[in-house]
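Because the structure is predicted, anything quoted here is derived from the model rather than measured.
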Amino acid sequence: MSDLNYFVAGRINTTPLDFNGNLEKILVLCEKAKQKAHKLLVLPELCLSGYGCGDMFNHPELLKAATRALLTIKYSLPEDLTVGVGAPLLGNDGRVYDGYVMIKKGRILGVSVLHSLYNSKDARIRYFSTSFNYDLTFAIGSEIYSSQNLFEVDGHKVCVLFNDADNKLAIGCDLAICPEANRFELYDAVEREQKLVVLSKAIDAAVVSTNLLGCESGSDIFDGLSIIANKGVLVARSSFLSFKRCDLFNANSGVFNYLSEYDTIVRAVALGQFDWMLKTKAHGFALSMSGGADSGLCATCVAYGQLAALHELGYDEYKSLMEGLKFEVPPMDCDEETFIKTKMMKEVLITVYQGSAVSGSVTRTAAAKVSENIGARHHEWSIAKLVEEYVSLINSTTPGDDLSWDRDDLTLQNIQARSRAPGIWMIANRYNKLLMSTCNASEDAVGYCTMDGDTAGGLSPIGDISKSRVLKINQHIADDGIEVVSGGLKLNVPNMSYISAQAPTAELRPGGEQTDERDLMPYVILDRIHVLHQEFLRTPQAILDTLVDEYSSFSREELLGFVKKYFGKFAVNQWKRERGATTFHIERSDLNAKSGFIFPLLNDGYSALLSELK
C-alpha cells in the first residue's frame, strides 16, 4: 500500500458491558479520523463489548446490545470512512464468536471471526468456541453474513488476521489488520512487534495492529500498543501503557521509545490503579504503610499514576476525570510533578504506619519519609494495646498457661498483622478509598502472609511481582526516579533510599533480628524456583539440579532444603491464593488463582516428588 495515511489505528480504554461508553469513544474516534482525512479506522478486538465480559458473553441481552451498537455505528459513521470494530457475534449454531465487523455508512461490508485458538492461553479458551466451520452465518439487523477474512475497501484488498494461524490468508493483500486483545505481560510487547514486522515482510504489504488499552475488568491490563509495519520495516510504534481514554495513531506518529523494565512495571501497575479508581468511582486509595519494600512501591505507583495521567491527558481532561470522583482540583500554577505532590496526593492517598510493641524506628521513619516525598496524607498510631487486649482475652481461656513466644510464635505474629486490618479498613470506608493489600508474588507462592491481616484489601497491585524484582525496582526508584516519558519527565522519590537500605522484614517477632530471608530462604533462590516451576513446569528434581548448576555459593544440601521448603509451603497455601485480593498480571509466572497458574486446593503436597529428591 503506497499511501500509509489511508488508514489509522484507534485505541480505546474499554469497560466490559459498557456498550454506551465504549460506543461513544468509537464514534469520537470516527469523527477525528474523518477530520484528519483518513479513510479506514482500525479498532481493537472486542472493543465494543470489552474483553473481560466472562460468562456474560453468552447472555442474550449482551448479544442484543452488541447488535444494536453495530447498527448505531452503521448509521452514524461519517461519509467516506470505513471502520473495523471488534464485537461478540452469535452464530447460527447458537455459539458466540469473537468477531470483527467492517462497516461503512449505511452498509456492513462483512464480518470476520476467530477461527482457532492457535497459540492462545487465556480466557478466550473458555468464552469463545473453536468449532468454526464455513457454513456459519451471523445476523446483524436484517442481514445475514458469512465469515470472511478478505474485504474490498475502496479498491484495496484488506485482510483481517486474529492470530498466526490465519497469516497465510494475507498473501496478496494490500493491508493486513491485526486487531488485538493481548494483556500486558513483561517482555511480551517486543515479541509481538517483531512478529508483525516479519509478517509484513512475508506478505510484502502493510500491517497495522492495535490493542485494547487499560485495566478494563480487574486483573488484566492492556498496553494499547499499536504497530504499523510495511514490507519488513517498522514504520510507527505508539506510546505504551497510555493513560488516554481514546486516541488515534497513524503512520506519521513516529516510533515511541519503550521505557526501561522497572519503569514499565511501575507504569503498568499505576495504570491499573488509576483505572480501578475511575471505574469503581473511588476517592483514591488507603494503605497500611509498614515502611517496607512492598508498601513503599504500592504508594509510589499511585503517585506515578497521577503524574502520568496529568501529563498525558493534559490539565483539563485530568481535572474533569478527578472532579468526577469528587476531588477538588486547584489551578495549576507549578510544574507537573510539584502539582501532583503538593496539590493532589494529599487527597488521593492516605497512608498509616501502625506500630506494634516490636516495631522499630527504622521502618517508622521510612514510612513517613516516603509518604512525605510523594505528598500522601500520612498518619501514625500504635496497635500495641489492641494486641495486648487480644492476648489477654486468649490467656483468660487457659488460666496459668499464657501464650509464649517459644510455643505460640505464629499465633503471636499473626495477631499483630490482623490487628492492623480494622483501622485501615475504617479509613478506607470513611473516605471511600480503595484499600490496597501489599502482598508480592514471592510471598504469595509460599503463603508468607497473614490472611485478614496484611492481605486485607480489595486490590493487590504488586501481587504478581516477585520480591527480588520489587527490591530492584525500589533501588532504581531511590537512585534514578521513574521515567514517565523516556528521556524526559520523571517522578523523583529519593526517600525510597530509607526503604531500599533495609533488609526486608515482617517485623512481627521481638528481638529485632527477624528478616524475611531468615524465615524463608534467599529471595533470589525462591524466585528462581517459582519461575522454573510455574513458567517452565520443571519437577522438583529438575529444579534442584538447575539450582546446583546456577548457584555454586550454596551447597547441594542447602539447595535441597530450599526446594523442599518451597514446595511444602506452596502446596498447602493455595487457599490463601484463592482468597487473595485481585492482582494485576505482570509476570509470566502468574499465580493468580483465577487466570494464572491453576493449582488444586487439596493436593498431595508434592510428597511423592519430594521423597525422590537426590
Side-chain angles (χ1 to χ4, degrees), residues 7 10 12 14 17-20 22-27 29-31 33-34 39-50 53 56-116 127-162 166 169-170 173-179 181:
F7 61 89
I12 298 175
T14 50
L17 310 178
D18 184 14
F19 284 93
N20 292 336
N22 297 337
L23 176 60
E24 181 181 352
K25 292 173 184 175
I26 289 171
L27 294 177
L29 291 184
C30 289
E31 277 300 325
K34 173 67 175 178
K39 299 295 185 181
L40 172 61
L41 170 60
V42 176
L43 295 171
E45 183 178 359
L46 292 171
C47 61
L48 194 54
S49 61
C53 297
M56 290 298 292
F57 274 125
N58 294 303
H59 199 290
E61 290 304 316
L62 178 141
L63 298 167
K64 290 177 185 176
T67 298
R68 286 195 297 269
L70 288 170
L71 293 174
T72 299
I73 294 171
K74 173 182 173 181
Y75 294 111
S76 302
L77 278 179
E79 297 286 351
D80 299 323
L81 179 71
T82 303
V83 61
V85 182
L89 297 175
L90 179 66
N92 62 338
D93 61 353
R95 297 174 181 267
V96 181
Y97 288 83
D98 186 352
Y100 201 74
V101 185
M102 300 292 288
I103 311 173
K104 265 187 176 293
K105 186 173 180 66
R107 183 161 61 103
I108 291 178
L109 302 183
V111 305
S112 183
V113 299
L114 181 68
H115 288 188
S116 76
Y127 298 121
F128 295 105
S129 169
T130 59
S131 60
F132 178 84
N133 67 76
Y134 286 94
D135 294 325
L136 273 173
T137 60
F138 303 88
I140 304 177
S142 60
E143 302 294 325
I144 304 295
Y145 302 89
S146 298
S147 179
Q148 63 187 93
N149 285 85
L150 291 171
F151 300 85
E152 188 79 17
V153 183
D154 299 329
H156 299 291
K157 294 179 181 177
V158 177
C159 185
V160 175
L161 305 176
F162 279 95
D166 295 335
L169 301 174
C173 73
D174 300 310
L175 173 67
I177 296 172
C178 300

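- A pairwise comparison of heavy atoms in C30 and P78 identifies O-CG, 3.9 Å as the closest pair.
- Nearest heavy-atom pair, L109 versus V153, reported as atom, atom and distance to 0.1 Å: CD1-CG2, 4.1 Å.
- For the pair S49 and F57, the minimum side-chain heavy-atom distance is below 4.5 Å.
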Which donor-acceptor pairs under 3.5 Å do side chains of residues 79-91 form with protein atoms, sequence neighbours excluded?
| residue | atom | partner | partner atom | Å |
| --- | --- | --- | --- | --- |
| T82 | OG1 | K104 | NZ | 3.2 |

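- To the nearest 0.5 Å, the span separating CG on L29 from CG on L43 amounts to 6.5 Å.
- With N22 contributing its side chain and T14 its backbone, the two residues share no donor-acceptor pair below 3.5 Å.
- In this structure, the side chains of K25 and C47 stay at 4.5 Å or more apart for every pair of heavy atoms.
- Shown here are the side-chain hydrogen bond (donor to acceptor under 3.5 Å, both in side chains) partners of R95, two or more places apart in sequence or in another chain: S131.
- With contacts defined as side-chain heavy-atom distances shorter than 4.5 Å, the pair L136/D93 qualifies.
- Take N58 and apply the side-chain hydrogen bond (donor to acceptor under 3.5 Å, both in side chains) test, not counting sequence neighbours, and it matches no residue.
- Closest approach of I177 to Y100, counting heavy atoms only: CG2-OH, 4.0 Å.
- Taking CD1 of I26 as the reference point, atom OG of S76 lies at 11.5 Å (rounded to 0.5 Å).
- Considering all non-hydrogen atoms of both residues, Y145 and I140 come closest at CE1-CB, 4.0 Å.
- Between the CG atom of L114 and the CG atom of D166 there is a distance of 7.5 Å, given to the nearest 0.5 Å.
- With contacts defined as side-chain heavy-atom distances shorter than 4.5 Å, the pair Q148/V111 does not qualify.
- The side-chain contact (heavy atoms from CB on, under 4.5 Å) test with N149 singles out one residue from L169, V158, V113, and that residue is L169.
- Taking 4.5 Å as the limit, some side-chain heavy atom of V101 sits within range of a side-chain heavy atom of I108.
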Working for ring-ring contact (aromatic ring centres under 6.0 Å, His included), residues Y97 and F138
CA-CA 10 Å; Y97 288 83; F138 303 88; 5.7 Å; yes
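- Considering every non-hydrogen atom in both P44 and G10, the closest pair reads CD-O, 3.4 Å.
- Residues passing the ring-ring contact (aromatic ring centres under 6.0 Å, His included) test with F151, sequence neighbours excluded: none.
- A heavy-atom distance below 4.5 Å is not found between the side chains of K157 and L150.
- Every side-chain hydrogen bond (donor to acceptor under 3.5 Å, both in side chains) that N92 has, sequence neighbours left out, goes to T137.
- The structure places OH of Y134 at 11.5 Å from OG of S146, a figure rounded to the nearest 0.5 Å.
- Annotation: the span from L41 atom CG to E31 atom CD amounts to 11.5 Å, rounded to 0.5 Å.
- Atom CD of E152 is surrounded by more than 12 heavy atoms from other residues, nucleotides or ligands within 6.0 Å.
- Residues F162 and E45 form a side-chain contact, since some pair of their non-hydrogen atoms from C-beta on lies under 4.5 Å apart.
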Side-chain donor/acceptor pairs under 3.5 Å, residues 61-75, sequence neighbours excluded:
| residue | atom | partner | partner atom | Å |
| --- | --- | --- | --- | --- |
| E61 | OE2 | K64 | NZ | 3.3 |
| T67 | OG1 | L63 | O | 3.2 |
| T72 | OG1 | R68 | O | 2.9 |

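- Taken from CG in L175 to SG in C173, the straight-line distance is 6.5 Å, to the nearest 0.5 Å.
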